[in-house]
Amino acid sequence: MLRILTALAVAIVALPAAAGIPAEQEDCLGCHTDASATYDLPSGEKLPLGIDQAAFAKSVHGDSLRCTDCHSEKTSDHATGSLKYKNRREVTRAHYEQCKGCHFANYTKTLDGVHFAVMAKGNDKAALCVDCHGAHDISRPGQPRTRISKMCSRCHEKETAIYAKSVHGRAAETSSDVPVCTDCHRAHDTTDPRNGALAMRTPEICGRCHTDEKLMSKYKLSTKVVETYLADFHGMAASLSQGKRKGPGVRLAAVCTDCHGVHDIQKSKDPTSTVMSANLQKTCQKCHPGANAGFPKAWLSHYEPTPQKAPIVWGVMLFYKLMIPFMVGGLVLQIALHLWRVVVNR
């Protein structure tokens with residue numbers, strides 16, 4: 001009987017038994033609520049055939065989809081009682097295309113993502129829809145937000161462990177203000193972090209939160225970090241080199257993550273922070289080998305020049321702010337007087 005009722009990639013979905021549900025769902029529920037039911041695949045893996053009926057009822061698809069919307073004749077064969085798949089991963093891949101029917105926009109984004117790229121190269125472990133969203137227990141995206149990082153940790157365990165100890169990761173458990181994986185890496189069109197394109201976008205990515213006055217005032221943080229970065233030599237060089245990278249992973253100027261870290265970002269006053277004054281020399285040496293202890297002092301950090309902070313730079317800026325209008329104004333006045341004289345003499 002079990003072979004006649006073979007299931008697929010993940011156990012066949014079913015709505016909770018209740019008055020008014022389609023007969024098709026009742027037929028599926030008749031067999032696929034047995035949690036112990038499995039199918040032996042050629043790989044030796046056991047494919048579970050039973051589902052948690054209550055979990056599916058609470059999912060986003062619980063009251064909107066029928067079993068056959070996802071499990072078509074192409075993916076299941078009850079007539080022969082056999083499956084064409086060799087292992088569970090083949091089952092999952094077979095159902096990848098099913099999501100396209102309803103979620104075409106997000107499906108097309110995945111085609112530009114790093115996960116699809118590595119899958120196209122033959123990596124069977126690359127994440128697919130159900131790996132991230134689940135199968136019969138799909139919740140609304142980001143609910144709860146902590147689920148996102150836990151989901152990514154299935155493949156990216158090392159990075160997730162580092163993130164969990166960072167200032168963002170520690171706060172993520174109790175606050176929705178801090179970024180989780182998809183805020184920086186995006187969800188469906190996840191960028192490959194190895195080619196340098198993601199790094200060049202970090203001022204924009206970090207700026208989404210760090211230029212938000214309402215959010216930053218809550219944590220007593222400056223909103224001028226992006227503005228001051230773009231005004232210094234690192235920011236200007238990074239802006240000028242946009243689209244001019246020498247090769248994958250090669251950049252001409254430091255961006256946010258080069259100084260503050262990637263997954264291991266800490267508060268600037270934390271002793272382990274890479275931008276703590278005691279650690280700055282080592283941080284600078286990543287790009288500037290041989291930088292001495294006084295080298296970091298040439299950088300204004302995210303401060304704007306003031307009589308107290310970098311008084312010489314402040315003085316030069318003040319000089320130009322006064323001198324340039326004076327020179328331009330004097331030139332305009334000279335031209336105006338010359339034209340007036342020409343008209344009068346005529």
Side-chain angles (χ1 to χ4, degrees), residues 166-168 177-179 184 196 199-245 251-262 264-336:
S166 73
V167 64
H168 292 144
D177 293 338
V178 296
C184 301
M200 293 303 294
R201 288 180 49 240
T202 52
E204 172 197 341
I205 295 170
C206 299
R208 293 172 194 162
C209 294
H210 287 278
T211 57
D212 186 324
E213 292 188 10
K214 184 178 179 181
L215 181 60
M216 291 300 101
S217 63
K218 182 177 177 181
Y219 297 96
K220 296 181 173 57
L221 295 174
S222 171
T223 57
K224 294 187 176 182
V225 289
V226 176
E227 180 183 334
T228 52
Y229 164 76
L230 293 174
D232 79 5
F233 48 85
H234 286 138
M236 289 184 178
S239 298
L240 291 171
S241 64
Q242 283 280 10
K244 299 178 182 179
R245 295 193 307 277
R251 285 176 283 107
L252 302 179
V255 293
C256 309
T257 50
D258 292 307
C259 300
H260 292 274
V262 183
D264 56 343
I265 298 172
Q266 302 294 348
K267 291 183 179 180
S268 59
K269 295 182 180 180
D270 189 301
T272 63
S273 171
T274 52
V275 293
M276 181 72 173
S277 56
N279 302 326
L280 264 180
Q281 181 184 0
K282 185 177 179 181
T283 300
C284 293
Q285 286 176 343
K286 291 190 294 184
C287 295
H288 305 280
N292 59 30
F295 186 85
K297 295 178 182 178
W299 179 50
L300 286 177
S301 182
H302 291 294
Y303 291 98
E304 293 181 296
T306 66
Q308 294 74 36
K309 176 73 176 180
I312 296 178
V313 177
W314 177 81
V316 172
M317 288 180 62
L318 181 62
F319 172 78
Y320 278 108
K321 284 181 179 179
L322 296 174
M323 192 65 179
I324 291 174
F326 175 77
M327 294 292 290
V328 173
L331 180 62
V332 171
L333 178 61
Q334 181 187 16
I335 294 172

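Heavy-atom basis, side chains included; hydrogens, waters and symmetry copies ignored. Quick caveat, the model's predicted, so the values are computed rather than measured.
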Quick one: salt bridge (charged side-chain N to carboxylate O under 4.0 Å, His left out) pairs with a partner in residues 266-280, sequence neighbours left out?
none
Please identify each residue that fulfils side-chain hydrogen bond (donor to acceptor under 3.5 Å, both in side chains) with His210, with sequence neighbours left out.
none
Would you give me the side-chain donor-acceptor pairs under 3.5 Å for residues 287-294, sequence neighbours excluded?
unit_1: Asn292; atom_1: OD1; unit_2: Gly294; atom_2: N; d: 3.0
unit_1: Asn292; atom_1: OD1; unit_2: Phe295; atom_2: N; d: 2.9

Between OG1 on residue Thr257 and CG on residue Asp264, distance to nearest 0.5 Å:
10.0 Å
Quick one, Val226 and Cys206 - any side-chain contact, counting heavy atoms below 4.5 Å?
no
As an exercise, state the distance from NE2 of His234 to OH of Tyr229, rounded to the nearest 0.5 Å.
7.5 Å
What verdict does the side-chain contact (heavy atoms from CB on, under 4.5 Å) test give for Cys259 and Thr274, after you've listed the backbone C-alpha separation in whole Å, the side-chain angles of each residue and the deciding distance to 0.1 Å?
CA-CA 6 Å; Cys259 300; Thr274 52; 5.6 Å; no
Check: Asp258 side chain, Val255 main-chain N or O, donor-acceptor pair, under 3.5 Å
yes
Under the side chain to side chain contact (heavy atoms under 4.5 Å, CB included) rule, collect the residues that match up with Thr223, sequence neighbours excluded.
Glu213, Met216
State which residues pass salt bridge (Lys or Arg N to Asp or Glu O under 4.0 Å) with Lys218; sequence neighbours excluded, sorted by chain then number.
Asp177
Kindly compute the distance separating OG1 (Thr211) from CD (Glu204), expressed to the nearest 0.5 Å.
10.5 Å
Under the side chain to side chain contact (heavy atoms under 4.5 Å, CB included) test, residues paired with Val178 that sit two or more places apart:
His168, Ala171, Ala172
What residues, two or more places apart in sequence or in another chain, satisfy side chain to side chain contact (heavy atoms under 4.5 Å, CB included) together with Met236?
none
Just list the side-chain donor-acceptor pairs under 3.5 Å for residues 309-336, sequence neighbours left out, or say none.
none

State which residues pass side chain to side chain contact (heavy atoms under 4.5 Å, CB included) with Ser301; sequence neighbours excluded, sorted by chain then number.
Trp299, Tyr303
Nearest atoms (heavy-atom pairs only) where Gln266 meets Val167
OE1-N, 3.7 Å
Can you name the side-chain hydrogen bond (donor to acceptor under 3.5 Å, both in side chains) partners of Ser268, sequence neighbours left out?
none
For Lys224, the salt bridge (Lys or Arg N to Asp or Glu O under 4.0 Å) test, sequence neighbours excluded, returns Glu304
Show every side-chain hydrogen bond (donor to acceptor under 3.5 Å, both in side chains) that has at least one partner inside residues 275-287, sequence neighbours left out.
none
